[in-house]
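Structure first, commentary second.
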Amino acid sequence: MSNFEQFHLDFYQSNYTIDDQEEGYNSYGSNENLHGSRKSQTGDPPPTSAFAPPEMLLSSQSYTGQILQPTYSPNTHLGYADGFDEEPPLLEELGINFEHIWQKTLTVLNPMKPADGSIMNETDLTGPMVFCLALGATLLLAGKVHFGYVYGMSAIGCLAMHALLNLMSIPGVSHGCVASVLGYCLLPMVILSSSAVVFSLQGIPGTLLALFIIGWCSLSASKIFTSALAMEGQQLLIAYPCALLYGLFALLTVF
């Protein structure tokens with residue numbers, strides 16, 4: 001039994017002491033710290049400022065406003081104000097110039113007045129549309145519903161005069177210019193249709209008045225065309241087809 005007990009003591013005997021335990025604990029702690037520092041070096045993401053460009057950093061540092069409350073910049077407001085002030089009026093953007101409309105109307109009302117070719121060469125359709133509506137309205141007051149005939153003959157007459165003027169003139173003319181001139185020269189025909197509301201034109205006085213109005217319209221139109229297209233000496237050649245066109249409107253008015 002003594003030999004067995006001695007063997008048992010020798011088997012479980014160890015040289016491990018308390019000092020060795022503390023040293024092992026300290027070494028384990030240092031290894032853990034070393035492992036933690038390596039993990040922080042490899043696993044933690046780098047700061048955002050490391051890869052950000054310097055312009056972004058400067059812009060973020062110079063921004064002093066708050067969220068949903070941007071800083072006030074007076075230059076932007078002044079820029080918008082200047083832009084609104086420099087915009088043209090609405091009527092000018094739509095191509096409506098009352099001064100030019102008045103000048104063209106006076107030129108038509110006075111056949112002996114020389115026409116300004118630069119103004120008459122503009123494609124202004126505001127006055128012609130108004131005069132066509134006025135002609136149809138006065139015919140309606142006289143008991144004649146001829147709106148379709150007025151617009152139909154106007155369209156066919158503009159196409160025919162456009163083809164004729166392009167053959168006769170060297171520079172040529174646009175459809176808008178022809179429609180504008182023929183429409184403005186329709187104003188005397190409105191006077192004839194207005195007189196038809198008051199009294200009947202089916203007689204000698206009415207016929208003479210209709211012939212006078214036809215000559216007035218054709219003379220004004222031919223004067224404007226010769227001035228705008230530089231066709232001196234060809235006014236009578238242009239006045240003849242114009243007289244035929246305005247004669248159709250006179251027939252609608254009289255009969």
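Keep in mind that the numbers below use all heavy atoms, side chains included, and drop hydrogens, waters and symmetry copies. Heads up: numbering here begins at 1 and tracks the sequence. Please read these numbers as outputs of a predicted model, since none were measured by experiment.
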Side-chain touch P188/V108, heavy atoms, less than 4.5 angstrom: yes
Verdict with supporting geometry, C158 and H175, side chain to side chain contact (heavy atoms under 4.5 Å, CB included): CA-CA 7 Å; C158 290; H175 291 88; over 6 Å; no
Least distance between heavy atoms, L125 atom then G176 atom: CD2-O, 4.1 Å
Contact check, side chains of H162 and V173, non-hydrogen atoms, under 4.5 Å: yes
Among L237, I238, L244, the one residue meeting side-chain contact (heavy atoms from CB on, under 4.5 Å) with Y240: L244
Inter-residue atom distance M189.CE - F249.CZ, 0.5 Å rounding: 7.5 Å
Reported OG-to-CG distance for the pair S220 and L109, which is rounded to 0.5 angstrom: 8.0 Å
Heavy-atom pair with the smallest gap, counting every atom of A221 and V181: O-CG1, 4.1 Å
Main-chain N/O of I224 paired with S227 side-chain donor or acceptor, under 3.5 Å: no
Trace of the side chain to side chain contact (heavy atoms under 4.5 Å, CB included) decision for F225 with M231: CA-CA 8 Å; F225 281 129; M231 300 173 61; 5.6 Å; no
Path from L186 to L251 over hydrophobic side-chain contacts below 4.5 Å: yes
More than 12 heavy atoms from other groups under 6.0 Å of CG on L106: yes
Check against side chain to side chain contact (heavy atoms under 4.5 Å, CB included), T107 and K223: CA-CA 9 Å; T107 304; K223 177 192 65 175; 3.6 Å; yes
Y149 atom OH, over 12 foreign heavy atoms within 6.0 Å: no
Working for side chain to side chain contact (heavy atoms under 4.5 Å, CB included), residues L229 and M168: CA-CA 10 Å; L229 301 177; M168 296 176 63; over 6 Å; no
Euclidean distance, T126 OG1 relative to H100 NE2, rounded to 0.5 Å: 12.5 Å
Donor-acceptor contact below 3.5 Å, side chain S218 vs main chain I214: yes
Can you give the donor-acceptor pairs under 3.5 Å from side chains of residues 130-146 to other protein atoms, not counting sequence neighbours?
{"residue": "T138", "atom": "OG1", "partner": "A134", "partner atom": "O", "Å": "2.9"}
{"residue": "T138", "atom": "OG1", "partner": "L135", "partner atom": "O", "Å": "2.9"}
{"residue": "T138", "atom": "OG1", "partner": "S193", "partner atom": "OG", "Å": "2.6"}
{"residue": "K144", "atom": "NZ", "partner": "T253", "partner atom": "O", "Å": "2.6"}

Cluster overlap L252 with L182, hydrophobic side-chain contacts below 4.5 Å: yes
For residues 197-206, which side-chain N or O atoms pair as donor and acceptor with protein atoms under 3.5 Å away, sequence neighbours left out?
{"residue": "S200", "atom": "OG", "partner": "Q202", "partner atom": "N", "Å": "3.3"}

L209 with L219, same ILVMFWY side-chain cluster at under 4.5 Å: no
Spacing of CG belonging to D124 relative to CD1 belonging to I101, to within rounding of 0.5 Å: 5.0 Å
Under 3.5 Å: donor-acceptor pair, side chain of W216, backbone of C185: no
Reported OH-to-CE distance for the pair Y246 and M153, which is rounded to 0.5 angstrom: 12.0 Å
Pairing residues for S222 by the side-chain hydrogen bond (donor to acceptor under 3.5 Å, both in side chains) criterion, not counting sequence neighbours: Q235
Shortest non-hydrogen contact between G157 and L245, atoms and distance: CA-CD1, 3.8 Å
Inter-residue atom distance I213.CD1 - C217.SG, 0.5 Å rounding: 6.0 Å
Flag side-chain contact, heavy atom, 4.5 Å: T207 against V254: no
